[in-house]
Amino acid sequence: MTTRTKIVIGGVAVGLLLMPLIGFWMSLLVVVGVPIAAYLALDPGQRRRLRRVTRKELGR
């Protein structure tokens with residue numbers, strides 16, 4: 001199982017656990033918003049490196 005698959009499974013699990021507690025739209029906001037906030041917290045050099053690595057893996 002790839003790292004990306006594990007992350008997706010974890011995100012779905014968190015979304016399903018949060019849904020009964022805080023509602024559908026808030027849980028969707030958490031599942032989508034946390035990775036976006038983490039990406040925006042990176043400095044520009046780290047973002048470039050992350051994009052470069054992702055593109056390399058797509059070319060395999």
Side-chain angles (χ1 to χ4, degrees):
M1 196 172 348
T2 65
T3 303
R4 183 167 288 191
T5 306
K6 292 176 187 175
I7 292 171
V8 169
I9 290 171
V12 169
V14 168
L16 290 174
L17 290 173
L18 287 176
M19 202 177 302
L21 298 174
I22 60 175
F24 174 75
W25 293 111
M26 287 300 290
S27 64
L28 184 65
L29 181 66
V30 169
V31 169
V32 172
V34 169
I36 290 173
Y39 178 77
L40 292 175
L42 297 174
D43 64 68
Q46 291 171 321
R47 290 181 196 170
R48 276 193 302 273
R49 187 170 60 215
L50 183 62
R51 284 193 304 264
R52 187 176 62 239
V53 167
T54 304
R55 265 189 256 125
K56 276 185 185 176
E57 290 177 356
L58 289 175
R60 277 198 276 173

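It should be emphasised that the depicted structure is a prediction, and the values quoted were computed from it without experimental measurement.
Between Arg51 and Tyr39, the closest heavy-atom pair is NH1-OH, 2.9 Å.
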N/O donor-acceptor pairs under 3.5 Å from side chains in residues 6-26, not counting sequence neighbours:
none

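Distance CG/Asp43 to CZ/Arg49: 8.0 Å, rounded to 0.5 Å.
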